[in-house]
Colleague: 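If you scroll down you'll find the structure; I have some questions about it.
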Amino acid sequence: MERKRNNIDPYRFRHLMKSFLPAILLLCLSSQAQNNKVEDSLYSLLGSAKNDSVTMSLYNQLRRATFYSETEISKGYTQKFHEYATKRNDSFHIALANYYLGNADVTLGNFT
């Protein structure tokens with residue numbers, strides 16, 4: 001038995017794509033704005049952090065929030081995360097910070 005193929009009218013397909021394009025662009029822009037709000041909120045919490053554990057966690061969350069959009073800034077947050085992990089002598093989080101620093105370097109193309 002032969003399967004029937006669904007033939008899509010090229011004109012209709014182009015019309016659909018043109019109507020979806022603004023929606024896709026709006027979605028991308030709103031997600032970037034949302035990411036900036038998250039970063040601003042986390043950064044404002046840094047000033048009120050009571051101990052090194054909370055500060056270290058906030059830097060890790062900032063790293064995660066900025067990794068794909070601003071990798072260089074994310075690397076700076078990762079270095080702060082590493083600094084606080086070293087200050088607390090927390091070997092697990094030191095290793096995790098080194099892993100994240102390596103990921104940032106690979107993403108930035110720093111292979112040396």
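Below, all heavy atoms of this structure are taken into account, side chains as well, without hydrogens, waters or symmetry copies.
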Colleague: Rounded to the nearest 0.5 Å, what separation is found between the NE2 atom of H82 and the NZ atom of K80?
Modeller: 13.5 Å

Colleague: Same cluster for I73 and L46 if Ile/Leu/Val/Met/Phe/Trp/Tyr side chains link at under 4.5 Å?
Modeller: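 Yes, it is one cluster - the side chains of I73 and L46 are joined through contacts under 4.5 Å.
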
Colleague: Checking the side chain of S44 only, and the main-chain atoms of S41 only, is there a donor and an acceptor separated by less than 3.5 Å?
Modeller: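 Yes, S44 side chain to S41 backbone: donor-acceptor pair under 3.5 Å.
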
Colleague: If hydrophobic clusters are built by linking Ile, Leu, Val, Met, Phe, Trp and Tyr wherever their side-chain heavy atoms come under 4.5 Å apart, do L96 and F67 end up in the same one?
Modeller: no

Colleague: Mark yes or no for whether N60, through its side chain, and M56, through its backbone, hold a donor-acceptor pair below 3.5 Å.
Modeller: no

Colleague: Can you name the closest pair of heavy atoms from A104 and T71 and give their distance?
Modeller: O-CG2, 4.0 Å

Colleague: Does N89, at its CG atom, have more than 12 non-hydrogen atoms belonging to other residues, nucleotides or ligands within less than 6.0 Å?
Modeller: no

Colleague: Is any side-chain heavy atom of K75 less than 4.5 Å from a side-chain heavy atom of N110?
Modeller: yes

Colleague: Please check this pair: side chain of T66 against backbone of L62, looking for a donor-acceptor N/O pair closer than 3.5 Å.
Modeller: yes

Colleague: Going by the angle between their ring planes, with limits at 30° and 60°, are F81 and H93 parallel, tilted or perpendicular?
Modeller: perpendicular

Colleague: Would you kindly confirm whether V54 and F92 end up in one hydrophobic cluster when ILVMFWY residues are joined by side chain heavy atoms under 4.5 Å apart?
Modeller: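 Linked within one cluster.
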
Colleague: Just checking, is any N or O donor in the side chain of E39 or Y77 under 3.5 Å from an acceptor N or O on the other one?
Modeller: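 There is such a pair (donor and acceptor under 3.5 Å, judged by atom type) between the side chains of E39 and Y77.
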
Colleague: Side chains of V106 and F111: does their closest heavy-atom pair fall under 4.5 Å?
Modeller: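 Of all side-chain heavy-atom pairs linking F111 with V106, at least one is under 4.5 Å.
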
Colleague: CZ of R63 to CG of N103: how many Å apart, nearest 0.5 Å?
Modeller: 8.0 Å

Colleague: For a 4.5 angstrom cut-off between non-hydrogen side-chain atoms, does I94 reach N98?
Modeller: yes

Colleague: For the residue pair T78 and A97, what are the closest heavy atoms and their distance?
Modeller: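 Smallest interatomic distance, heavy atoms only, reads CG2-O, 3.6 Å.
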
Colleague: Do Y84 and D90 have side chains that approach each other closer than 4.5 Å (heavy atoms only, starting at C-beta)?
Modeller: no

Colleague: Could K87 and D52 be called an ion pair, given the rule that one side-chain N must be under 4.0 Å from one carboxylate O?
Modeller: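 Counted as a salt bridge, because a side-chain N and a carboxylate O are separated by less than 4.0 Å.
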
Colleague: Hey, is the main chain of E70 close enough, under 3.5 Å, to the side chain of S74 for a donor-acceptor pair?
Modeller: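 Judged by distance alone, no pair lies under 3.5 Å.
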
